[in-house]
Amino acid sequence: MRILIVRLSALGDVTTGLAVLASLKAACPEAFIGWLVEDRCADLLRDHPQIDQLHVFDRRHFRRVWLRPWNLLRLLGFVKSVRKQGYDAALDLQGNLKSGVFTRLSGAKRSLGMPQPHAKEGNDSLVREQVPVPGDASPHRLEPAMAMVRTLFPGAAEAPIELPVTPEPGDAVILHPATSRFATFKQWPAKSFAALADRLATELSAPIWLTAGPGEAEIAEEVRKNMVSEARVVSPAGLKELQNTLAGARLVVAADTGPAHIAAALGVPTLTLFGPKDPEVLRPVGPISETIAAGVRCSPCTLRHCPDPICMTSLSVDAVAAAALALVKDPP
């Protein structure tokens with residue numbers, strides 16, 4: 001059987017999708033599996049042993065196609081390369097307009113997706129089979145995807161994520177204080193991260209590393225400058241380097257962002273700080289992964305910007321430190 005996974009972005013969601021990949025391979029080891037992903041997340045999936053064909057959609061080439069007609073030829077060529085694989089089934093894990101269009105254009109004999117309200121932007125009209133989501137009306141994001149897997153392979157069980165890495169030695173406590181620039185209201189204050197880092201450095205007698213992605217070094221430096229203890233700012237060159245760095249950690253504490261999902265998927269003890277989003281729906285998937293939230297009455301919410309993110313500023317250093325230490329000393 002030839003199966004296409006369509007999960008274009010974002011980094012945390014692509015990481016969660018790895019559980020779908022593992023489950024498909026466990027249910028049908030001989031299956032040929034392709035994955036359609038955007039270029040910004042592609043390095044996470046490159047050379048993955050469970051992916052037989054990676055289709056990378058380069059957004060730079062396809063912006064404003066109507067103004068650059070030659071890009072239409074590139075787009076048609078990309079679609080042709082996907083269709084050439086002759087997929088039997090395509091699983092749309094994203095549920096928006098763009099993913100629905102690609103799922104439909106893939107040429108797969110069966111296209112599976114999510115019903116409303118899990119599907120948005122008319123996606124449910126683009127996929128041929130809308131797979132009901134059992135149980136809770138607001139399940140974890142992995143549940144609709146696993147429902148698609150079980151539609152193809154009844155009785156399939158969720159399998160652990162496989163994410164090959166070469167861990168960077170260090171046994172450090174890693175804090176990732178930044179979020180994407182579109183989600184800055186999910187950030188915990190730098191002074192709170194600094195106080196947490198000092199507490200963990202003392203309690204665990206461990207080196208502190210502050211990881212930073214592109215454009216995030218300034219936030220990590222702000223945390224470091226507010227610390228009493230020593231800390232190292234680490235800026236991995238790419239996703240593969242980030243994976244290797246996180247894989248060697250003793251503990252990772254991060255905002256609700258992609259690196260938290262990667263760390264959890266690697267099996268590293270990971271504590272994710274949630275504010276505006278629902279941890280029951282979006283928590284990172286992993287064997288030693290916990291979340292913490294302040295529990296303010298306006299959270300979770302559907303806002304994309306907030307002038308007063310009390311859901312994050314109300315989260316106390318004492319509560320986060322206690323949860324982080326428990327994760328290391330008494331893991332679930």
Side-chain angles (χ1 to χ4, degrees), residues 11-12 15 43-44 161 163-181 183-184 186-274 284 286-292 312 315 317-329 331:
L11 183 57
T15 306
D43 282 350
L44 182 74
I161 290 172
L163 195 54
V165 290
T166 304
E168 182 176 330
D171 197 35
V173 170
I174 292 182
L175 308 183
H176 190 88
T179 61
S180 70
R181 60 189 179 91
T184 54
K186 295 195 295 183
Q187 290 179 6
W188 202 35
K191 289 185 177 180
S192 297
F193 259 116
L196 173 69
D198 285 330
R199 187 87 60 90
L200 295 178
T202 299
E203 292 283 345
L204 298 176
S205 300
I208 303 295
W209 291 4
L210 306 171
T211 49
E216 297 174 351
E218 184 177 346
I219 297 171
E221 282 291 347
E222 185 180 356
V223 174
R224 187 185 65 80
K225 289 176 182 178
N226 279 283
M227 289 175 58
V228 175
S229 307
E230 293 293 323
R232 173 185 169 193
V233 175
V234 180
S235 299
L239 285 179
K240 291 295 185 185
E241 292 77 10
L242 174 62
Q243 290 169 229
N244 293 339
T245 298
L246 295 173
R250 182 177 178 184
L251 167 71
V252 172
V253 181
D256 170 23
T257 190
H261 290 265
I262 294 174
L266 290 168
V268 176
T270 304
L271 180 65
T272 309
L273 315 183
F274 271 84
I288 317 176
S289 174
E290 295 289 345
T291 65
I292 187 169
M312 296 307 298
L315 192 56
V317 173
D318 287 342
V320 175
L325 291 170
L327 200 56
V328 174
K329 297 177 179 179

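Residues in residues 165-174 take part in these side chain to side chain donor-acceptor pair (under 3.5 Å) pairs, two or more places apart or across chains: E168-T245. Sorted by first and then second residue, the side chain to side chain donor-acceptor pair (under 3.5 Å) pairs involving residues 257-271 (not counting sequence neighbours) form an empty list.
Rounded to the nearest 0.5 Å, atoms CG (L242) and CG (L11) are 7.5 Å apart. Rounded to the nearest 0.5 Å, atoms CD (E222) and CD (E216) are 13.5 Å apart. In this structure, L163 CG and I262 CD1 are separated by 7.5 Å, a value rounded to the nearest 0.5 Å. Taking CG of L251 as the start and CG of L271 as the end, the distance is 7.5 Å to the nearest 0.5 Å.
Between A265 and T15 the shortest heavy-atom distance is CB-CG2, 3.8 Å. Considering every non-hydrogen atom in both A255 and A260, the closest pair reads O-CB, 3.7 Å. In terms of heavy-atom proximity, A178 sits nearest to I219 at CB-CD1, 3.8 Å. Here the shortest heavy-atom pairing between Q243 and P164 reads NE2-O, 3.8 Å. Residues V173 and A206 come closest through the heavy atom pair CG2-CB, 3.8 Å. Closest non-hydrogen pair, L246 versus P259, comes out as CD1-O, 3.6 Å.
Side-chain contact between L273 and M312 is present, with heavy atoms from C-beta onward closer than 4.5 Å. For the pair V328 and E203, the minimum side-chain heavy-atom distance is 4.5 Å or more.
Here the side chain of R250 pairs a donor or acceptor atom with the backbone of L204 at under 3.5 angstrom. With S289 contributing its side chain and A264 its backbone, the two residues share no donor-acceptor pair below 3.5 Å.
Paired with F193 under the rule side-chain contact (heavy atoms from CB on, under 4.5 Å), one option of N226, L210, V223 passes, and it is V223. When I292, T272, L196 are each tested for a side-chain contact (heavy atoms from CB on, under 4.5 Å) with V253, only one passes: L196.
Applying the salt bridge (charged side-chain N to carboxylate O under 4.0 Å, His left out) rule to E241 yields no partners; only residues at least two apart in sequence or on another chain are considered. In terms of the side-chain contact (heavy atoms from CB on, under 4.5 Å) criterion, A326 has no residue partners (sequence neighbours excluded). For W209, there are no ring-ring contact (aromatic ring centres under 6.0 Å, His included) partners, not counting sequence neighbours.
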- Query: Between R224 and E221, does a salt bridge (charged side-chain N to carboxylate O under 4.0 Å, His left out) hold up when you go through it step by step?
  - Reply: CA-CA 5 Å; R224 187 185 65 80; E221 282 291 347; 2.8 Å; yes
- Query: side-chain contact (heavy atoms from CB on, under 4.5 Å) between L175 and L200: does it pass, once the steps are laid out?
  - Reply: CA-CA 10 Å; L175 308 183; L200 295 178; 4.3 Å; yes
- Message: Please determine whether side-chain contact (heavy atoms from CB on, under 4.5 Å) holds for the pair D256 and T179, giving the CA-CA distance in whole Å, both sets of side-chain angles, and the decisive distance to 0.1 Å.
- Response: CA-CA 7 Å; D256 170 23; T179 61; over 6 Å; no
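Other residues, nucleotides and ligands place more than 12 heavy atoms under 6.0 Å from the NZ atom of K329.
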Side chains of residues 228-235: which donor-acceptor pairs under 3.5 Å do they make with residues two or more places apart or in other chains?
{"residue": "S229", "atom": "OG", "partner": "D198", "partner atom": "OD1", "Å": "3.0"}

